[in-house]
Peer 1: 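Dropping the structure in here first, questions after.
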Amino acid sequence: MSKLKEILSEAKEVLERVDETAVTETAVLLAGGQRIFVVGEGRSGLMAKSFAMRMMHLGATVYVIGETITPSISPGDILVAVSGSGTTHGVVWTAQKARELGAFVIALTTDDGSPLGRSASRLLTIPAATKHRREGERRSVQPLGSLFDQCVHLVLDSVCLSYAELRGVDHAAAYKQHSNVE
Ligand SMILES: O=C([C@H](O)CO)[C@H](O)[C@H](O)COP(=O)(O)O
């Protein structure tokens, strides 16, 4: 099998096990109009940022934790936390702190029982391999958490698609929000 086909086959297997109702419900929650914050480290953080960018195009008020222009989090805000392992210190700490501050936390992780999973108000479980290759975790031919990253990206794009439908944002409206200084 070609490498590309192998990756597609791995991602398909994981995505078929993602709870689509949870994906739709996530979009409904986000379309509620609250401010959205995202957090993640490394490649998980890049997936979170990519989601934040598209949500901005779709009209959401969205911030990336750790950026200089990110304001304080308040009750009613939603934090989307991405961590394959669910144990990355900064992400777990941010999720716990956000809950204490009254925010709603949506976690994307492979492990519902992880510290991040246990800190979340709602889970979007992605049953992929992580960089730790823990016992019971899905196998992958790809290095580190690549399979998790790919699947998170597609799941969050699916959230974006539902969000766009719910908010009545079409391609033309999203395009208007796209940077015009690049
Ligand atoms: O960057 C990462 C690494 O390359 C694995 O693919 C991870 O995303 C980063 O280390 C954070 O880990 P998790 O919080 O377990 O996703």
Side-chain angles (χ1 to χ4, degrees), residues 1-20 22-23 25-27 29-30 36-56 62-68 70 73 77-101 103-160:
M1 206 191 290
S2 74
K3 297 286 177 264
L4 191 53
K5 286 203 171 106
E6 214 159 355
I7 290 171
L8 279 172
S9 152
E10 287 195 344
K12 185 170 181 281
E13 269 184 41
V14 173
L15 292 169
E16 280 172 353
R17 293 181 55 211
V18 171
D19 178 357
E20 289 208 41
V23 175
E25 283 173 2
T26 299
L29 274 168
L30 297 176
I36 300 161
F37 292 72
V38 305
V39 66
E41 295 283 343
R43 282 185 41 134
S44 293
L46 294 175
M47 300 307 126
K49 279 188 180 177
S50 160
F51 171 64
M53 180 186 185
R54 189 63 80 239
M55 289 296 281
M56 175 275 287
V62 55
Y63 301 100
V64 177
I65 297 286
E67 299 281 321
T68 49
T70 299
I73 206 160
D77 290 335
I78 298 178
L79 174 73
V80 176
V82 181
S83 171
S85 60
T87 57
T88 302
H89 178 76
V91 181
V92 174
W93 183 87
T94 303
Q96 289 170 346
K97 186 77 185 173
R99 288 278 319 250
E100 276 168 38
L101 292 166
F104 190 90
V105 176
I106 300 170
L108 286 94
T109 182
T110 63
D111 183 2
D112 296 2
S114 64
L116 177 64
R118 292 197 307 274
S119 308
S121 321
R122 183 167 289 243
L123 281 161
L124 245 180
T125 312
I126 313 288
T130 74
K131 63 187 171 193
H132 296 300
R133 295 295 195 270
R134 292 181 179 130
E135 215 182 308
E137 208 173 79
R138 194 204 184 283
R139 301 290 97 190
S140 174
V141 295
Q142 302 181 67
L144 303 168
S146 292
L147 181 60
F148 174 75
D149 307 333
Q150 291 148 6
C151 294
V152 161
H153 186 60
L154 292 174
V155 166
L156 288 176
D157 265 354
S158 158
V159 170
C160 285

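Start at 1 and go down the list; that is how both ligands and their atoms are numbered.
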Peer 1: Would you compute the distance between atom CG of Leu124 and atom OG1 of Thr109 and round it to the nearest 0.5 angstrom?
Peer 2: 11.0 Å
Peer 1: At a 4.0 Å threshold, what atoms of ligand 1 neighbour a non-hydrogen atom of Leu144?
Peer 2: 5 (C), 6 (O)
Peer 1: Is Asp149 touching ligand 1 with its side chain, its backbone, both, or neither, if touching means heavy atoms under 4.0 Å apart?
Peer 2: side chain
Peer 1: Within a distance under 4.0 Å of any heavy atom of Ser44, pick out the atoms of ligand 1 and give their elements.
Peer 2: 8 (O), 13 (P), 16 (O)
Peer 1: Go through the structure and list residues passing ring pair (Phe, Tyr, Trp, His ring centres under 6.0 Å) with Tyr63, not counting sequence neighbours.
Peer 2: Phe37
Peer 1: Give a yes-or-no answer on whether the side chains of Gln150 and Gln142 include a donor-acceptor pair shorter than 3.5 Å.
Peer 2: yes
Peer 1: Less than 3.5 Å between some nitrogen or oxygen of His132 and one of ligand 1, yes or no?
Peer 2: no
Peer 1: If I take atom NZ from residue Lys131 and atom CZ from residue Arg133, how far apart are they, to the nearest 0.5 angstrom?
Peer 2: 12.0 Å
Peer 1: Could you say whether the N/O atoms of Gly145 and ligand 1 ever approach to under 3.5 Å?
Peer 2: yes
Peer 1: Out of Glu41, Arg43, Lys131, who gets a non-hydrogen atom closest to atom 12 (O) of ligand 1?
Peer 2: Lys131
Peer 1: Taking distance alone, with no angle check, do Gly84 and ligand 1 share an N/O pair under 3.5 Å?
Peer 2: yes
Peer 1: Between the side chains of Glu67 and Lys49, is the shortest nitrogen-to-carboxylate-oxygen separation below 4.0 Å, so that they form an ion pair?
Peer 2: yes
Peer 1: Give a yes or no on whether Glu20 atom CD has more than 12 heavy-atom contacts from other residues, nucleotides or ligands under 6.0 Å away.
Peer 2: no
Peer 1: Identify the closest protein heavy atom to atom 15 (O) of ligand 1: which residue and atom is it, and at what distance?
Peer 2: Ser85 OG, 2.6 Å
